[in-house]
Colleague: 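Encoded as structure tokens, here's the structure I'll be asking about.
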Amino acid sequence: MIETDMSKLTKEFSDIQAELLPKVKLENTFKKDEIKLIAGVDLAYWEEHGKTFGTCCIIVIDYHSKEVIENVYSYGEITVPYIAGFLAFRELPLIMKAVEKLTVEPDLYMFDGNGYLHYRHMGIATHASFFLHKPTIGVAKSYLRIKEVDFQMPENQAGAYTNIVIDSEIYGRALRTTKNVKPIFVSCGNWIDLDTSTEMVMSCVNKESRLPIPVRLADLETHRVRKQLAHK
DNA sequence: GCGACAG
DNA sequence: ATCTTGTCGC
């Protein structure tokens with residue numbers, strides 16, 4: 001029974017992903033020098049009374065000064081299970097709830113998770129773009145293996161990368177943002193190309209973390225908010 | 001049945 | 001994602 005529920009769900013979800021796919025454009029729909037605000041999105045979870053709750057934090061920084069411009073969050077019960085390949089369906093509700101609280105309009109969103117680097121090219125960064133109506137980039141900390149294709153380890157030098165090619169198509173890139181640290185996995189979300197995505201990610205990295213600042217700060221913030229909300 | 005499996 | 005201390009290294 002739980003078995004059939006799950007296959008119904010994945011069928012329904014993959015149909016939605018297939019509908020969105022033709023609308024993806026891996027080209028810049030903006031001018032790079034017009035980028036001012038970059039948002040980072042992340043979530044944290046906890047259990048309470050046998051239910052799963054989550055909080056979504058969005059940090060907006062100024063691309064040039066790296067100063068934090070805005071910091072908002074949302075929280076609530078999480079009802080959709082985690083299924084690899086369908087992360088957006090689980091996290092999008094709280095993400096949009098947090099987006100509604102923004103008073104500024106980010107020019108670009110970075111996500112903790114993949115975009116085009118996905119079984120059906122519909123990772124959370126790509127999926128979310130259709131609700132945000134803004135360019136998005138996927139930034140994952142671990143590799144999602146597709147069609148048994150492994151990634152090639154980039155050189156141990158900041159900025160080094162290798163493309164992840166599957167069936168002659170570039171899905172994304174393993175990017176070494178910092179020397180002596182594991183690479184991260186960058187892919188286009190939507191309305192941006194891979195070179196620009198890589199450039200944006202590299203411009204947001206500092207010595208403190210291998211992740212771009214907006215995503216890193218959002219991650220830290222979710223932990224702080226969880227402490228404030230959980231067990232109450 | 002077994003292994004894989006973003007967050 | 002989350003449960004968790006110390007510990008090796010720059």
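Atoms considered below: every heavy atom in the structure, side chains included; atoms not considered: hydrogens, waters and symmetry mates. Lettering follows sequence order; numbering is per chain, from 1.
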Colleague: List, one per line, each side-chain donor-acceptor pair under 3.5 Å for residues 92-104 of chain A, sequence neighbours excluded.
Modeller:
from, atom 1, to, atom 2, distance (Å)
Lys97(A), NZ, Tyr75(A), O, 2.9
Lys101(A), NZ, Tyr73(A), O, 3.1
Thr103(A), OG1, Glu70(A), OE1, 3.3
Thr103(A), OG1, Glu70(A), OE2, 2.7

Colleague: Output all residues satisfying salt bridge (charged side-chain N to carboxylate O under 4.0 Å, His left out) with Glu12(A), sequence neighbours left out; order by chain, then residue number.
Modeller: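 Here no residue qualifies.
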
Colleague: For DNA chain B, which residues in residues 146-156 of chain A have a heavy atom at a distance below 4.0 Å?
Modeller: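 Correct list: empty, so none.
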
Colleague: Please say which of Asn190(A), Leu132(A), Val215(A) ends up in a side chain to side chain contact (heavy atoms under 4.5 Å, CB included) with Tyr109(A).
Modeller: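 That would be Leu132(A); it is the only one of Asn190(A), Leu132(A), Val215(A) passing the side chain to side chain contact (heavy atoms under 4.5 Å, CB included) with Tyr109(A).
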
Colleague: For residues 78-90 of chain A, pull every pair meeting salt bridge (charged side-chain N to carboxylate O under 4.0 Å, His left out), keeping only residues two or more places apart or in separate chains.
Modeller: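 For residues 78-90 of chain A, and leaving out neighbouring residues, there are no salt bridge (charged side-chain N to carboxylate O under 4.0 Å, His left out) pairs at all.
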
Colleague: Would you tabulate the pairs of protein nitrogen or oxygen atoms and nucleotide nitrogen or oxygen atoms of nucleotides 7-10 of chain C closer than 3.5 angstrom?
Modeller:
none

Colleague: In the hydrophobic cluster built from side-chain contacts under 4.5 Å, what are the other members alongside Val181(A)?
Modeller: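 Listed partners: none, Val181(A) stands alone.
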
Colleague: Can we say Lys36(A) and Asp62(A) salt-bridge, meaning some charged N sits less than 4.0 Å from an Asp/Glu carboxylate O?
Modeller: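 Looking at Lys36(A) and Asp62(A), the cut-off is not met.
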
Colleague: Between the protein and nucleotides 3-7 of chain B, which nitrogen or oxygen pairs are less than 3.5 angstrom apart?
Modeller:
from, atom 1, to, atom 2, distance (Å)
dA6(B), OP2, Tyr82(A), OH, 2.9
dA6(B), O4', Asn114(A), ND2, 3.4
dA6(B), O3', Ser142(A), OG, 3.4
dA6(B), N7, Gly85(A), N, 3.0
dA6(B), N6, Gly85(A), O, 3.2
dA6(B), N6, Phe86(A), N, 3.2
dA6(B), N6, Leu87(A), N, 3.1
dA6(B), N1, Ile124(A), N, 3.1
dA6(B), N3, Asn114(A), N, 3.0
dG7(B), OP1, Lys141(A), N, 2.7
dG7(B), OP2, Ser142(A), OG, 2.7

Colleague: If the condition is salt bridge (charged side-chain N to carboxylate O under 4.0 Å, His left out), which residues does Glu199(A) pass it with, not counting sequence neighbours?
Modeller: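 Salt bridge (charged side-chain N to carboxylate O under 4.0 Å, His left out) list for Glu199(A), sorted by chain: Lys32(A).
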
Colleague: Take atom NZ of Lys66(A) as the centre, draw a 6.0 Å sphere, and report whether it contains more than 12 heavy atoms from other residues, nucleotides or ligands.
Modeller: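 Buried by this count: over 12 neighbours within 6.0 Å.
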
Colleague: Which pairs count as salt bridge (charged side-chain N to carboxylate O under 4.0 Å, His left out) when at least one residue sits in residues 104-131 of chain A, sequence neighbours excluded?
Modeller: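 Qualifying pairs: Glu105(A)-Lys134(A), Asp112(A)-Lys141(A).
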
Colleague: Using atom C1' in both nucleotides, what's the gap between dT2(C) and dC5(B) to the nearest angstrom?
Modeller: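 Comparing C1' positions in dT2(C) and dC5(B) gives a spacing of 16 Å.
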
Colleague: Please state the C1' separation for the pair dT5(C) and dC2(B) - nearest whole angstrom.
Modeller: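 About 34 Å, rounded to a whole number of Å.
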
Colleague: Check the orientation of Phe86(A) and Phe89(A). Use parallel for under 30°, tilted for 30 to 60°, and perpendicular for over 60°.
Modeller: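 The arrangement is tilted - the two ring planes meet at 30° to 60°.
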
Colleague: Classify His127(A) by what it touches in the nucleic acid, base, sugar-phosphate, or nothing, heavy-atom distance under 4.0 Å.
Modeller: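 Since no nucleic acid heavy atom lies under 4.0 Å of His127(A), the category is nothing.
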
Colleague: The test is salt bridge (Lys or Arg N to Asp or Glu O under 4.0 Å); show your working for Glu48(A) and Lys51(A) and say whether it passes.
Modeller: CA-CA 5 Å; Glu48(A) 206 164 304; Lys51(A) 293 179 175 179; over 6 Å; no

Colleague: Please identify each residue that fulfils ring-ring contact (aromatic ring centres under 6.0 Å, His included) with Tyr45(A), with sequence neighbours left out.
Modeller: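 Here no residue qualifies.
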
Colleague: Heavy atoms only: give me the nearest Leu108(A)-Thr136(A) pair and the separation to one decimal.
Modeller: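 Answer, listing the atom of Leu108(A) first, then Thr136(A): CD1-N, 4.1 Å.
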
Colleague: Keeping the roles fixed (side chain from Thr55(A), backbone from Ser74(A)), state whether a donor-acceptor pair exists under 3.5 Å.
Modeller: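 Present.
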
Colleague: Could you provide the dot-bracket string of DNA chain C, using ( ) for intrastrand pairs, [ ] for crossing pairs and | for bases paired to another strand, with Watson-Crick or G-U pairs below 3.5 Å?
Modeller: ..........

Colleague: Roughly how many Å apart are dT4(C) and dG3(B), using the P atom of each and rounding to a whole number?
Modeller: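 About 27 Å, rounded to a whole number of Å.
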
Colleague: Dot-bracket, DNA chain B: Watson-Crick or G-U, under 3.5 angstrom, [ ] crossing, | other strand?
Modeller: .......

Colleague: Whether Lys8(A) and Asp5(A) form a salt bridge (side-chain N of Lys/Arg under 4.0 Å from carboxylate O of Asp/Glu) is what I want to check.
Modeller: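 Answer for the salt bridge query: no.
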
